[in-house]
Each structure stands twice: as C-alpha cells, then as structure tokens.
Amino acid sequence: MRDTAAAPALSEALLDWYDRHARRMPWRVGPAARAAGLRPDPYAVWLSEIMLQQTTVAAVKSYFEAFTRRWPTVEALAAAEDADVMAAWAGLGYYARARNLLKCARVVVSDHGGAFPADHDALLKLPGIGPYTAAAISAIAFDIPATVVDGNVERVMARLHDEHTPLPAAKPILTEHARALTPAARPGDHAQAVMDLGATICTPKNPACGLCPWRPVCAAWGAGTAAELPKKTPKKAKPVRHGIAYLARRVDGAWLLETRPESGLLGGMLGWPGSDWVGLEDTPRPAPPIQAEWKTLGEEARHTFTHFHLRLALCTALVPMDRTPGRGTFVPAEEFRPADLPTLMRKAFDLARPR
DNA sequence: AACACGGGGTA
DNA sequence: TACCCAGTGTT
C-alpha cells in the first residue's frame with residue numbers, strides 16, 4: 001500500500017466489510033439504531049474502552065454488563081464506594097485502571113457537569129485516558145476523525161505497508177499510516193472496523209488473508225510476509241520471586257484480610273497479610289499478623305505477573321475469638337466473597353480454605 | 001526511554 | 001511449561 005490517494009476507497013471497502021461482519025458487543029450501537037440516528041452513550045464508550053485496555057473482548061463482556069447494571073451513569077459511578085468498585089473490578093487485572101476509573105468519573109462530574117468532553121485534548125487530560133482511549137472516545141462517541149492506534153491497528157498497518165521496522169520503534173510510522181487512512185465520514189466505525197479486522201482476520205498468528213477486504217492492496221500479502229509482521233524487539237525473561245502469605249480463619253468463619261497500599265502491585269485491592277516478594281528463596285519471614293498456631297501448607301500459590309513469576313508460600317491458622325490482629329481486619333464469613341479478591345489472592349484462598 | 005502493571009489464551 | 005497479547009502512568 002503506497003498510494004495514499006487510494007485511502008478513501010480503502011476505508012469504503014473496510015466499512016462495507018464492517019457493516020456485514022461487525023461483532024455484536026454490549027457497548028456497541030447496532031446498524032439499525034445508528035441508521036435511526038442514535039449515538040453511542042459516551043459513558044458506555046469510555047467504560048468499555050478502559051476495560052478493553054490490554055484485555056480481550058471476551059474477558060470484558062461480563063464486567064461491562066455488571067458495571068453498567070450497577071452504575072448506569074457516570075454520576076452513579078462517581079458516587080460509588082472505592083471498595084465496591086475495586087471488588088467489582090477484581091479478576092480483570094491492571095487495577096490502576098479501576099482507581100483511575102473512579103478518579104475520572106469524579107472529575108467528569110465535578111469539572112464537566114457529568115458530560116464527557118467532546119474534545120481530544122480535554123479527554124487526554126483525564127485520569128486513565130491516554131492517546132489510544134482519547135482517540136477512541138473522540139471517534140466512537142463524538143464522530144471526530146481522530147486516529148485510533150492500538151495493537152491491532154499497529155499489526156494491520158505493519159502488514160498493509162510491509163513495514164519491517166520492529167516495534168516499538170515503528171510506532172510513529174504505523175501511526176502515520178493509520179492517520180492517512182482515517183476518513184472524515186464514520187470515523188468511529190472506521191476505527192472499530194480496523195480493530196475488528198485485526199482481532200478476527202489480520203490475527204497475530206495464521207492471519208485469514210483469504211477473507212480480508214484489503215488483501216488486494218496489502219503489501220505483506222504480495223511479499224508473503226504477513227505472518228511474520230509486525231517485528232518486535234525481543235523481551236527479557238521473567239525472574240522468579242518468592243514470598244509468604246498468612247491466611248487466618250477465626251473460629252466464627254471470619255477471614256483476616258488487609259487492603260493493599262494504593263500504589264504498586266495489586267494496589268488498592270484486598271489481600272492476605274504477608275511478606276514482600278523478593279528474588280531470594282530463603283528470606284527472613286515477617287511476624288504473623290496475629291498470634292496463633294501457624295502451619296505451613298505443602299503447596300505454594302503460583303502466579304505470573306507482567307514481569308515476574310511468583311511462588312507464594314502459604315501459612316494457615318485457626319484463631320480463637322479473643323485474639324486481636326496486629327495487621328489487617330477480620331471480614332465476617334457472610335461478607336467475604338472470594339470473587340472480590342485479585343486472582344493471586346483467590347488462588348491462595350482456594351489452596352488454604354478448609355475442605 | 002525504560003519500567004511497572006494482571007490475566008487469559010494457545011502451542 | 002512457555003510464549004503471546006495489549007495502553008497508561010511513573011521515573
């Protein structure tokens with residue numbers, strides 16, 4: 001694809017494909033509703049785009065439905081308790097997104113009268129909204145011809161132009177290619193169409209070029225290089241870290257939990273009291289959070305984070321009613337929901353709970 | 001520019 | 001088990 005004069009024809013072919021193949025999603029306005037002049041709700045667009053950062057459509061769907069059922073408007077979300085939002089986000093990962101989601105909702109209510117700004121630069125100033133999300137909301141919710149570049153778009157552009165420069169160095173080049181294709185009409189549908197194309201046809205492995213509306217103009221198709229693009233600079237191996245967690249159950253069934261610090265790993269989420277996680281296997285253990293007869297479990301909780309593997313040793317104890325914890329708070333059995341825990345802490349619970 | 005930050009899926 | 005995928009904020 002070298003001829004930029006062909007851009008309008010390319011976008012037209014893509015929109016035609018999109019109208020026939022668009023995936024149904026809870027936050028999308030369907031073709032019939034769009035034809036009737038209905039615009040997407042900016043709150044729904046924003047919420048879905050935050051959830052979709054680094055996360056697949058399949059993982060997001062049920063969370064999006066739960067959030068919009070419980071908090072149907074940005075005003076409702078802004079008024080929510082922090083702990084309720086963090087618990088509802090549990091399992092979705094990248095918990096800074098949930099903290100910024102609440103911050104953003106509160107700024108939109110207090111500084112913008114409850115309406116998301118229809119302006120790329122104003123959106124960019126909001127917590128949790130970066131270049132991708134600002135462009136996505138501009139295009140999808142407000143019909144502004146912003147250029148939306150996510151990992152799908154990068155891959156599609158790398159192949160369309162047979163660009164062999166490795167990411168992330170290639171990002172400005174790929175962004176410029178995407179900008180040249182962005183149409184004045186239906187920019188939101190165009191953006192979603194490129195991302196859908198990347199998610200369903202122009203996939204990382206085994207791209208379905210035979211079904212691609214852009215195959216006739218795709219440079220990588222011509223060169224036979226589609227499957228090896230985009231090139232990426234090699235990533236480094238994940239080290240292993242070790243730690244220990246204390247799971248205390250009081251005789252009345254209450255569990256001893258603490259809210260983790262706002263910043264850092266699993267920030268703001270519930271967790272079991274324990275040690276820091278370090279590179280050495282044999283490290284001094286911190287004092288248990290409460291005096292009891294502690295037993296070490298035979299099995300460790302294993303979990304992989306973005307940049308390290310964790311092996312978490314587990315200690316359990318059954319605690320009499322009259323003890324006071326030095327760390328954490330007992331959560332009564334009827335209030336404790338394992339689903340409110342991030343995945344690592346839920347794995348630890350599943351190994352340690354009485355069976 | 002490099003790093004921190006989860007979880008799910010496939011081979 | 002190992003590898004792949006994917007935006008924002010901080011430093």
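Below, chain A is the first sequence line, B the second, and so on; all start at residue 1.
A/Ser263 comes within 4.0 angstrom of nothing in the nucleic acid, heavy atoms only. At a threshold of 4.0 angstrom between heavy atoms, the contacts of A/Gln54 include nucleobase atoms, whether or not backbone atoms are also involved. Within the 4.0 angstrom heavy-atom criterion, no nucleotide atom of any strand lies near A/Leu52. Residue contacts for A/Pro168: at a heavy-atom cut-off of 4.0 Å it reaches no nucleic acid atom on any strand shown. Among the atoms of the strands shown, none is found under 4.0 Å from any heavy atom of A/Arg99. Residue A/Arg346 is out of contact with every strand shown, counting any heavy-atom pair closer than 4.0 Å. Nucleic acid contact for A/Gly264: sugar-phosphate only, since backbone atoms but no base atoms lie under 4.0 Å from a heavy atom of the residue. If you check every strand for non-hydrogen atoms under 4.0 Å, A/Tyr94 touches a base. Among the protein residues, A/Lys232 comes within range of the sugar-phosphate backbone only, with heavy atoms under 4.0 Å from sugar or phosphate atoms but none that close to a base.
A cation-pi contact links A/Arg215 to A/Trp221, judged by a cut-off of 6.0 Å to the six-membered ring centre and 45° from its axis.
Put simply, CZ on A/Phe308 is 13 Å from C1' on B/dG7, counting in whole angstrom units. Rounded to a whole Å, the CE atom of A/Met195 is 12 Å from the C1' atom of C/dG7. Straight-line distance from the NE2 atom of A/His307 to the C1' atom of B/dA2: 12 Å, rounded to whole Å. Atom NE2 in A/His303 sits roughly 16 Å away from atom C1' in C/dT1 (whole-Å rounding). Distance A/Trp46 CH2 to C/dT8 P: 14 Å, rounded to the nearest Å. When the P atom of C/dC5 is taken as reference, atom CZ of A/Phe305 falls 22 Å away, rounded to whole Å.
Between A/Phe67 and A/Phe64, the distance separating the two ring centers is not shorter than 6.0 angstrom.
When only modelled atom types and interatomic distance are considered, A/Gln54 and A/Arg97 share no side-chain donor-acceptor pair under 3.5 Å.
In the set C/dG7, B/dG7, B/dC5, C/dG7 carries the atom at the smallest distance from any side-chain atom of A/Gln53.
Along DNA chain C, the nucleotide nearest A/Ile129 and the nucleotide nearest A/Lys205 are compared for position; the residue whose nucleotide lies closer to the 5' end is A/Lys205.
Looking at A/Asp121 and A/Lys125, no side-chain N of the basic residue comes within less than 4.0 Å of a carboxylate O on the acidic one, giving no salt bridge.
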